Structures are given as structure tokens and as C-alpha cells.
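Reading through the C-alpha cells given below for one structure.
Read the numbers this way: they start at 1 and go in the same order the structure lists the ligands and their atoms. Worth saying up front: this structure is predicted, and the values here are computed from it rather than measured.
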Amino acid sequence: MIRVAVLASGSGTNLQAMLDAADTGMLIHGSVVLVVSDKGEAPALNRAKLRGIPAVALDKKQLKTARFEAALLDLLVAYQIDLVVLAGFLTILSGTVVRQYPERIINIHPSLIPSFCGKGYYGRRVHEAALARGVKLSGATVHLVSEEADAGPILAQRSLEVLDGDTPESLAKRILETIEWKLLPETVEHYCQILEQRMDLKTALQAQRYPGRGIICGLNDEGKSIVAYFITARSEHSKNRRLVADSGTVRTKAIDEHLVKDPSLIIYRAMDIYEKQLVVSNGDQSDTILSYLAEGKGMEEALESRTYEPDAPNYTSRISGLVDLPGGGAYHLSILRRKKGECERALFPYSQPRKGEGHLIHTYNGDGDPLPPFTGKPKQVVLKGSGAEIAKQIWENLDEAYRVALCVRETNLSVGSFELFLINAEKGR
Ligand code: GAR
């Protein structure tokens, strides 16, 4: 369930529409858990109170912008808000707030953006300007909030005809009642569904019964860098492994050396560091990347010299990650995969990682013979809890019949200290 905060300045009928949508079962993936107003007297606050929803007034008349925004951020954190909905909220939020909630703030605006929007266009003024221009259509837009007012990506838009004799009031009322009250709850529901899908580590890991080997990089909710590497395997040869750590270096090791026919694709350095650059991979391309780093070159260049694995008919993808620990845990994920007989090289940069979020990439797109390679982009996942807790979440969501080994490294970026959490199935067998 996505925890939603609604920010409203006025009567709050859009807030009411969301609350009603929750009652009728139309809004089910999000729940309004907090209402904030920038005006002490906003009727929107009463609508919340009537439902027993915490309602807080941060009066702009009494608070300077910086204090208002600091108080707002404190509230959003305290209520563990996932999504902020501006429903008739007339204060423009600065980058200080917007940057903390990228793609997590939605606004509704009573015009067809990009017309009649931006600074100064709010409430009645929007409709006055539309009528003055003589437009024949107007409507409402729901969009993501970026640092520029009303300029973020559009999520939904609906139009209606402007009638002869319309006044700003009549046009505002028709847009509000026939469009906004439906469009806002519908869009919030849809967006909450998207957020929920990308948020759930369990859903992401269970999407395929057999993901093969997998890498997760990101930041947990405390802002620590999390790097996970897991092995699931089908064949006995591939299952004959565990992960072992020697300070910061993590390797695969055979459980029974006698059973190893060919170590080249199963025994390798899975995680290591070169000058605070953390490398994680599912094969000996980690050696290639680390040696290129030592020569002052990058991961992309290193991987130009490599291709997917030669294990026909599966041609297992090579997946790799590089984490810049001094750079706030910014990371790149890479996959070398077979596509129409060629090697496709995809590199995914995440230069501004967000607290509580990471990305998962794995080698296979589920079970099959031959095994299909992972397609598309890495999946966005939620990383909540300590490294130990995340290790538990990952392990418990890997199929018991296939899971072999897992390593999670948690790095405290401010001091550089780290902890490794290893789980090997071998103990359970
Ligand atoms: C709505 O029409 C909304 O689109 C508009 O304020 C009204 C609030 O009504 N928002 C803006 O103009 C934002 N730029 P409500 O308080 O009854 O929901």
C-alpha cells in the first residue's frame, strides 16, 4: 500500500474525491494517511479530520519558505510518505522538496498544460486567461512535479468544450466537477499501482521462478549503499558452489572440488574493490573490469573486450555492476546478452541513487530450454532495512529448489565502513 500525503490550500473537493474513491474501492493501491495545508483555515483540513486522518496546517503567513519546507519534509518523513498529491495546493514547492521526492509528487492543474500554467496561473486566473484567449477546449492535467512549475511529465489529461457565455466560475466548476474529481483519483490509483510494482522486492524476485544469477545495487532507506549478488542454479554442477569472503573480496568456491568439470564459468571473483570502486559480476569479467580500473579506464571500455558466456545453447548473459562509493553510491549496471546471434551491450547508469531504492538485473528471463536472457531494463526495487534484513528478504524470495548462495554488502558511505552478509544453501542441504 502506497502511503499518500495530500497537500491542499482550499476547499479540498479533490481531496474529498480521493477519499470517496477509497470508499468505493476505486482507490485501493494508495491510502491517504496525511493532509497538509499551507493555510490555517483550509476546509480541506476538516475533511481529513472528519475521517480521522492527521491534518496539519503549516501556515505560510507565519512561516518563511525555508521553515515551511523544512517542516513539510519532517512531516513527510515522519509519516513515511511514498507519494505526495497536490490537490489545489497553491504554494510552489522549491527544488529542496522536489529533489527529495523525485517522481513522487503529483499535481492537478485546471487547464490543458502547456496552456495557462506555470507561475501565477492558479485557481480563477487560469480560467480567466483561457476565456480571454478564446480557447474552445479546456480541461485538466495531472502531472509529475519537477523543479519548474507545472512543467513535469504529464500523466493524464482530459478536455471539455468551452461554452458560449462561460464565466471563469462556470468553467472552473465544470472542469472541477466533470473532470478533476474523476481524473485525480484515477491517476493516483494508476500511479500507485506502478509504484507498488516497482517497490516490492518480493514481487520483483518472484516474477520469475528461475532468475539465474542476479545483482542488486542501490541505497537502503538509511542511505547506505547496498550491493547484493545471488546465485540460483538448476544443474548439479552449477549448484556445487558457495560464496566465501576474504575481507572485501567475495568469491565462488566449489563445495566438492571433485565434481568440478570446468571451473571457468562457475568459479570467479563475484565482488571486489579497486580504490573505492566496487565491482560485482557473475563471472570473470570482474577481473577484466578491475584491471581496466587499475589502468584508469572504465567499466564500459572493459566490457567491450568481453561477450556473453559461451555455454551454448543458453549463452548466459554476463551481468556486472560498478558502484562509486565516494560518489554517493552512484552505480552502473551492465548486461552483455545474446540477441539475434549478436552480443548486445547495454549499460544502465544510475548517477543519483535515491534512498530506499535499488535496481535488480539477472541473467535469465525465467525458466526454459534454452534459458531466455533477461530482457529490458533493470527492475526498480525497494531497499528497506539493514543489509542483514535485505539479505533475508532476498533469500526468502528465491525459490528454495534453486537458491544456492547470496552475498549482501552494506557500506556506510560517510565513513566507508562495510559489512558483508553471506547466506549459503549448502548448510541447509
Ligand atoms: C482545482 O481546480 C485544482 O485544479 C486547482 O485548484 C482547485 C482546487 O480545488 N489547482 C491549481 O490551480 C494549481 N495550480 P479543491 O480545493 O476543491 O480541490
Side-chain angles (χ1 to χ4, degrees), residues 4-22 27 30 32 34-51 53 55-60 72 84-94 97-98 105-133 135 137-160 162 166-188 191:
V4 179
V6 175
L7 276 50
S9 305
S11 68
T13 64
N14 275 310
L15 162 68
Q16 190 65 50
M18 288 176 57
L19 299 175
D20 293 347
L27 178 55
V32 179
L34 173 69
V35 172
V36 180
S37 176
D38 53 359
K39 290 201 178 69
E41 305 292 302
L45 294 170
N46 289 332
R47 295 182 189 270
K49 282 180 199 153
L50 279 173
R51 297 283 181 127
I53 298 169
V56 184
L58 298 174
D59 205 329
K60 275 293 291 281
L72 176 62
V84 178
V85 176
L86 311 184
F89 188 64
L90 304 184
T91 296
I92 294 179
L93 297 172
S94 82
V97 176
V98 175
I105 309 179
I106 283 181
N107 181 41
I108 183 152
H109 183 79
S111 78
L112 296 173
I113 287 178
S115 292
F116 316 117
C117 64
K119 206 162 181 273
Y121 286 101
Y122 56 85
R124 191 178 198 276
R125 296 179 190 205
V126 180
H127 309 292
E128 274 172 359
L131 290 174
R133 185 64 187 84
V135 293
L137 288 176
S138 192
T141 306
V142 181
H143 65 95
L144 290 176
V145 172
S146 63
E147 290 191 38
E148 197 185 328
D150 296 333
I154 291 172
L155 297 175
Q157 205 161 40
R158 211 162 282 163
S159 66
L160 54 64
V162 176
D166 253 337
T167 61
E169 287 71 28
S170 67
L171 184 57
K173 187 168 185 287
R174 222 168 46 257
I175 291 176
L176 187 65
E177 294 179 1
T178 63
I179 298 180
E180 294 189 52
W181 293 350
K182 274 197 82 194
L183 192 66
L184 185 64
E186 271 173 28
T187 313
V188 169
Y191 200 67

Side-chain contact, heavy-atom cut-off 4.5 Å: His143 with Leu155? no
Does any non-hydrogen side-chain atom of Asp38 lie less than 4.5 Å from one of Leu58? no
Testing the basics here: between Leu131 and Pro168, what is the closest heavy-atom pair and its distance to 0.1 Å? CD1-N, 3.3 Å
Can you name the side chain to side chain donor-acceptor pair (under 3.5 Å) partners of Glu147, sequence neighbours left out? Arg99
Only counting residues at least two apart or in another chain, list the ones meeting side chain to side chain donor-acceptor pair (under 3.5 Å) with Asn46. none
I'd like to check the salt bridge (charged side-chain N to carboxylate O under 4.0 Å, His left out) partners of Arg124; sequence neighbours left out, ordered by chain and number. Glu128, Glu169
Sorted by chain and residue number, the residues having a heavy atom closer than 4.0 Å to an atom of ligand 1 are Ser11, Gly12, Thr13, Asn14, Gly88, Leu90, Ile108, His109, Pro110, Tyr121, Tyr122, Gly123, Leu176, Glu180
